[in-house]
Structure formats: structure tokens, C-alpha cells
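No hydrogens, no waters, no symmetry mates; every other heavy atom, side chains included, goes into these values.
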Amino acid sequence: MKAQDALREAISSSGKSQAGISKSIGKTRNYVNALVTQADATGGTLECGTVAGIADACDYALVLIPRGTEPPGSLVIDPPAK
């Protein structure tokens, strides 16, 4: 899963709007929407700090754990293709 897709799922699960998440992290109303849309359009990646901040606003945490130990319900971000 791409980081932007994981964020979309986290936002959806949180029951909050993208605009509400944007506001809660101190950004403009359309920040989250523009960020994930731009990442989709350019094939770009999102910085860990950005993902962690948005995840936190959705009541998620960005955590690194050993592969294969992901608990059920985890949103796993795939590494970029080589």
C-alpha cells in the first residue's frame, strides 16, 4: 500500500474529514487532500514526519516493527520499487 492510501484509510477509519485533519495539524483546509492527490499524480512519496503527523491526527501512530509481526488492522506501507 502506498503512504497516501494508508492515510486515506486512516482518515476514513477516524471518521474525520480531510479538512478537519488538515486543520488539526495546523495546515490549510485543503492541505491533506492536495498532498495525497499530488503524491498520486506525481508518483511521489510522503515524508515520514508528514505521515506521522496526519496519522496522529487520525489516532494512529507511525511505528516500525519487524516484518511479519504486524498486528491485525495494521496499515502497511510498501517500500518503493527498486
Nearest-0.5 Å distance that lies between atom [atom1] in [X] and atom [atom2] in [Y]:
X	Y	atom1	atom2	result
Ser13	Tyr60	OG	OH	3.5 Å
Glu9	Cys58	CD	SG	11.5 Å
Gln18	Ser12	CD	OG	10.0 Å

If you look at every heavy atom in Ile77 and Ala6, which pair is closest and at what distance?
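Looking at all heavy atoms of both residues, the closest pair is CG1-CB, 3.9 Å.
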If you group Ile, Leu, Val, Met, Phe, Trp and Tyr by side-chain heavy-atom gaps below 4.5 Å, do [X] and [Y] land in one group?
X	Y	answer
Ile25	Leu62	yes
Leu75	Val32	no
Leu7	Tyr31	yes

Where the side chain of [X] meets the backbone of [Y], is there a donor-acceptor pair that is under 3.5 Å apart?
X	Y	answer
Gln38	Val36	no
Ser24	Ala57	no
Thr37	Ala34	no

Taking only Lys NZ, Arg NE, NH1 and NH2, and the carboxylate oxygens of Asp or Glu, determine whether Arg8 and Asp5 approach each other closer than 4.0 Å.
yes
With sequence neighbours excluded, tell me which residues meet salt bridge (Lys or Arg N to Asp or Glu O under 4.0 Å) with Lys16.
Asp59
Pick from Asn33, Ile54, Asp56: which one makes a side chain to side chain contact (heavy atoms under 4.5 Å, CB included) with Ile21?
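Among the candidates, only Ile54 passes.
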Out of Leu46, Leu35, Thr45, which one pairs with Val51 under the side chain to side chain contact (heavy atoms under 4.5 Å, CB included) rule?
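Only one of Leu46, Leu35, Thr45 forms a side chain to side chain contact (heavy atoms under 4.5 Å, CB included) with Val51, namely Leu46.
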Apart from Ile65 itself, what residues make up its hydrophobic cluster when side-chain heavy atoms of I, L, V, M, F, W and Y under 4.5 Å apart count as a link, directly or indirectly?
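Val63, all in the cluster of Ile65.
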Considering residues at least two apart in sequence or located in another chain, which fulfil the side-chain hydrogen bond (donor to acceptor under 3.5 Å, both in side chains) criterion with Gln4?
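side-chain hydrogen bond (donor to acceptor under 3.5 Å, both in side chains) check on Gln4 returns Asp40.
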